[in-house]
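A short write-up of the structure that comes next.
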Amino acid sequence: MEPSELKRSKDSPNSDESTRRSSFPDEVLERVLSLLKSHRDRSSVSLVCKDWYNAERWSRTHVFIGNCYSVSPEIVARRFPKIRSVTLKGKPRFSDFNLVPENWGADIHAWLVVFAAKYPFLEELRLKRMAISDESLEFLAVSFPNFKALSLLSCDGFSTNGLAAIATHCKNLTELDIQENGIDDKGGSWLSCFPESFTSLEVLNFANLSSDINFDALERLVGRCKSMRVLKLNRSVSLEQLQRLLVNAPQLAELGTGSFSEELTFRQYVELESALSNCQNMHTLYGLWDAKGIYLPALYPVCTHLTFLNLSYAALRSDELAKLLAHCPRLKRLWVLDTVEDKGLEAVGLNCPLLEELRVFPADPFDEEIIHGVTEAGFVAVSFGCPRLHYVLYFCRQMTNAAVATIVQNCPDFTHFRLCIMNPGQPDYITNEPMDEAFGAVVKTCTKLQRLSVSGRLTDLTFEYIGRYAKNLETLSVAFAGSSDWGMQCVMGGCSKLRKLEIRDCPFGNAALLSGLEKYESMRSLWMSACNVTMNGCRLLAREMPRLNVEVMKEDGSDDSQADKVYVYRSIAGPRRDAPPSVLTL
Amino acid sequence: MSKPIEHDYIGLSEQQLPSMEKSSDKKDGLHLKDTELRLGLPGSESPEREDHDQNVLSLKSFVSGAKRGFSDALDGGGNWVFSGGSGGGTEGLFSPRRGGKNNGGKDLSGSDSGSVLKDGAARKPSVVQEKKPQVAATSSHGNGNIVPASKAQVVGWPPIRSFRKNTMASHPPKNDDGDGKAEAKLGSGCLYVKVSMDGAPYLRKVDLKIYGSYKELSSALEKMFSCFTIGQCGSHGVSGGDGLSESRLIDLLHGSEYVLTYEDKDGDWMLVGDVPWEMFTDSCKRLRIMKSTEAIGLAPRAMEKCKNRT
């Protein structure tokens with residue numbers, strides 16, 4: 001709904017300010033605006049006029065901060081007095097791949113201190129790529145009596161002791177979601193810290209951790225938390241233990257199994273199958289670590305209503321996957337390892353017509369002698385069978401321009417197209433040409449494209465295509481590609497909605513960097529590493545655009561004039577003061 | 001050990017390149033010379049690589065001082081042959097056999113060249129790993145990648161999160177059933193090893209994780225194999241009781257008739273009981289109840305090995 005329309009409909013043409021205000025009291029406006037959930041809508045609303053800005057800020061309960069350094073906690077607290085839920089993202093995405101120095105920053109503690117003072121009734125904290133220490137977790141646990149949900153994704157700096165503090169003190173906890181973090185696993189005793197009187201947990205995800213937990217404590221916890229709907233176990237939980245848990249929690253909607261590979265007696269297998277078949281609400285299945293094909297049939301009763309199946313830790317063969325998928329007609333999201341090969345993907349195309357998202361991860365990404373995995377044929381097969389496909393992440397070792405053209409013809413609705421041809425700079429393996437036409441086809445055909453990751457041998461032509469056609473593109477990842485500055489200039493000039501651009505190992509230099517001068521303030525961030533940008537170029541950028549933070553990370557032994565890694569982002573908080581010595585803010 | 005060309009990440013395959021004389025001790029060196037040798041461009045002689053592990057494009061050398069050198073090397077012309085995917089044929093990722101001009105490698109399509117190098121900045125290779133200079137991944141541009149040797153890796157490439165990398169590394173998703181060697185199944189909570197006994201018609205399997213000590217293991221084995229040992233007890237004059245007592249097999253094992261041995265990770269057969277229990281379960285791949293006559297010479301080796309380990 002257009003905010004301005006709403007405003008107009010309430011106005012009579014002759015009313016002045018005071019009558020308008022009295023006919024539409026702030027409380028009503030706030031009430032109406034509180035129904036708005038999307039933070040983008042809220043941002044739009046706040047720009048309408050001062051009244052709306054105020055009404056919006058008083059009614060906002062959840063704040064999303066995509067870059068923790070773009071704003072300071074004090075500024076947030078001043079503007080939004082009634083926040084109950086915070087989502088914060090910290091480090092640049094390439095920190096997931098070890099490209100960011102370890103002590104780079106994004107520490108949550110300063111935020112927690114402000115929140116403890118200004119938002120004592122804070123309920124939810126969701127962090128991605130932030131640094132969080134055990135002390136911070138303890139502080140969190142004792143400072144917010146209403147605290148309900150903690151989600152940590154790809155964070156680091158803490159250990160299981162911090163989790164113990166959360167379990168001990170957060171009496172109203174409903175969600176504890178620990179995902180893919182760099183956590184110091186000191187043992188499983190943290191789980192035993194939930195008091196016996198504690199029954200509110202709805203979401204528990206500790207798949208990240210490797211050490212054994214006290215199963216009895218877990219069993220009792222699951223047994224008394226009757227509202228539990230998401231349970232993701234770690235690898236130490238056996239199949240037999242899983243069965244015992246499921247018997248007490250048939251209401252689960254999302255299950256992450258533990259290890260799926262121990263040897264079961266026939267009776268144990270039957271009991272497991274029976275327990276699973278009682279889980280009529282289950283729509284998501286994770287884990288299945290080391291899954292053995294012979295036990296997968298135990299899952300069949302659950303498969304019929306599954307919409308999300310994550311097999312990315314189970315090295316299944318194509319026949320095993322095919323047999324399983326024959327029972328999963330409603331699947332919308334599927335994650336697999338490339339051990340299933342093209343034949344397995346053919347089975348996907350045959351059995352899952354409703355599929356919207358596919359992610360294929362490499363089982364052996366660093367072994368170049370592997371000649372298995374998936375190829376363009378598998379991807380094409382899926383595209384023929386799954387016309388609703390709109391999200392793909394695909395790791396492969398060979399691809400052709402023709403295959404990609406066919407794929408997007410079959411699936412023109414791609415919003416997220418992330419193709420990783422694992423050997424950097426590899427051309428079309430049949431024609432030996434660059435992969436320019438492949439990505440050209442993607443951007444020309446998929447008008448709704450929001451996110452694109454490119455790979456393979458690419459010249460500036462790819463970026464010309466992107467700049468010309470990818471008008472809805474918001475996130476672009478580029479590696480080992482391009483011929484000259486012109487490539488990046490095309491992107492900066494053409495992609496009006498671009499918000500995040502991350503580039504590594506490309507021949508883009510200062511001219512390219514500076515071509516985006518006007519653009520960076522409308523973007524969240526820019527990352528350029530191992531390109532041809534120099535310190536002078538960065539200094540120039542910093543001088544011209546004072547509302548941007550231009551950070552350069554130097555590597556040991558590098559030339560003084562080279563800007564090895566550059567991270568540029570808009571900020572109203574000014575240059576940050578917590579950068580380590582290896583990070584220079586210009 | 002001949003690697004196909006496509007596995008040569010840097011494009012320098014064994015067949016093509018003479019071996020690198022000075023490739024030892026590359027790990028910390030700023031060996032400009034070595035790197036220049038390696039970075040052959042179309043037309044010039046390809047450098048060599050001694051062995052994969054030491055294929056070090058001393059990145060530090062690149063980054064620190066050799067940038068100009070690097071771009072010079074680019075201009076010098078050489079033989080960049082970059083491997084394509086493993087599934088494909090042997091075509092090079094980038095086989096610029098043209099006369100070396102501004103072969104930043106970008107201009108594969110042959111269009112106007114050299115704009116890359118006109119930037120003024122050298123084509124700077126990306127540092128692979130700041131902390132581990134022996135891993136080289138220099139890539140200045142998509143097409144003319146200097147990709148390191150097959151065993152070396154580009155930092156952060158392919159883009160896979162550490163959690164997944166570490167998980168897959170510690171529990172490789174390979175089916176090792178039936179290859180006869182690694183019989184220990186790496187499940188999360190169990191460690192099944194085969195137990196054979198000389199003279200017994202079939203093998204058994206035990207989960208080492210469920211025992212806490214050698215004594216427990218011995219009694220379990222005794223129960224398992226009692227049916228086989230009864231017949232062998234004759235020479236010991238079994239003194240009644242219902243079947244074998246707990247100590248019987250231990251007696252048998254530690255006495256004269258049988259010894260309990262195991263095959264460890266290195267493939268050596270060792271006497272059970274010499275090392276601490278945890279160390280044993282970590283290294284035991286299979287068990288064998290061996291006739292003591294065959295076990296001569298085993299014990300002393302076991303002790304030596306144990307010493308070497310600790």
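Chain identifiers are assigned alphabetically (A, B, ...) following the order of the sequence lines, protein sequences preceding nucleic acid strands; residue numbering begins at 1 within each chain. For clarity, every value in this text was computed on a predicted model and none was experimentally measured.
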### Query
When heavy-atom pairs shorter than 4.5 Å are enumerated against chain B, which of A:Gly537, A:Ser453, A:Cys420, A:Cys396 gives the highest number?
A:Cys420
### A:Ile421, part contacting chain B, at a heavy-atom distance under 4.5 Å
backbone
### Message
At a heavy-atom distance under 4.5 Å, which candidate from B:Pro159, B:Pro158, B:Ser162 has the highest pair count against chain A?
### Response
B:Pro159
### Query
Can you check whether A:Leu288's main-chain N or O pairs, donor with acceptor, with A:Thr257's side chain at less than 3.5 Å?
yes
### Task
Would you mind checking which part of A:Ala291 comes under 4.5 Å of any heavy atom in chain B, side chain (CB onward), backbone (N, CA, C, O), both or neither?
neither
### Summary
Okay, A:Ser154 and chain B: the region with an atom under 4.5 Å from a heavy atom over there is side chain
### Partners meeting ring-ring contact (aromatic ring centres under 6.0 Å, His included) with A:Tyr286 (sequence neighbours left out)
A:Phe308
### Message
For A:Phe395, which atoms come within 4.5 Å of any heavy atom of chain B: side chain, backbone, both, or neither?
### Response
side chain
#### Entry: B:Arg164-A:Ser312 side chain donor-acceptor pair, cut-off 3.5 Å
yes
### Message
Side chains of A:Ser236 and A:Asn234 only: does a donor on one sit below 3.5 Å from an acceptor on the other?
### Response
yes
### Query
Within 45° of the axis and under 6.0 Å from the centre of the six-membered ring of A:Phe480, does NZ or CZ of A:Arg457 qualify?
no
## Note on the structure
A:Phe439 meets the ring-ring contact (aromatic ring centres under 6.0 Å, His included) criterion, sequence neighbours left out, with none
### Task
Determine the option with the most heavy-atom pairs under 4.5 angstrom with chain B, choosing from A:Phe94, A:Phe361, A:Trp289.
A:Phe361
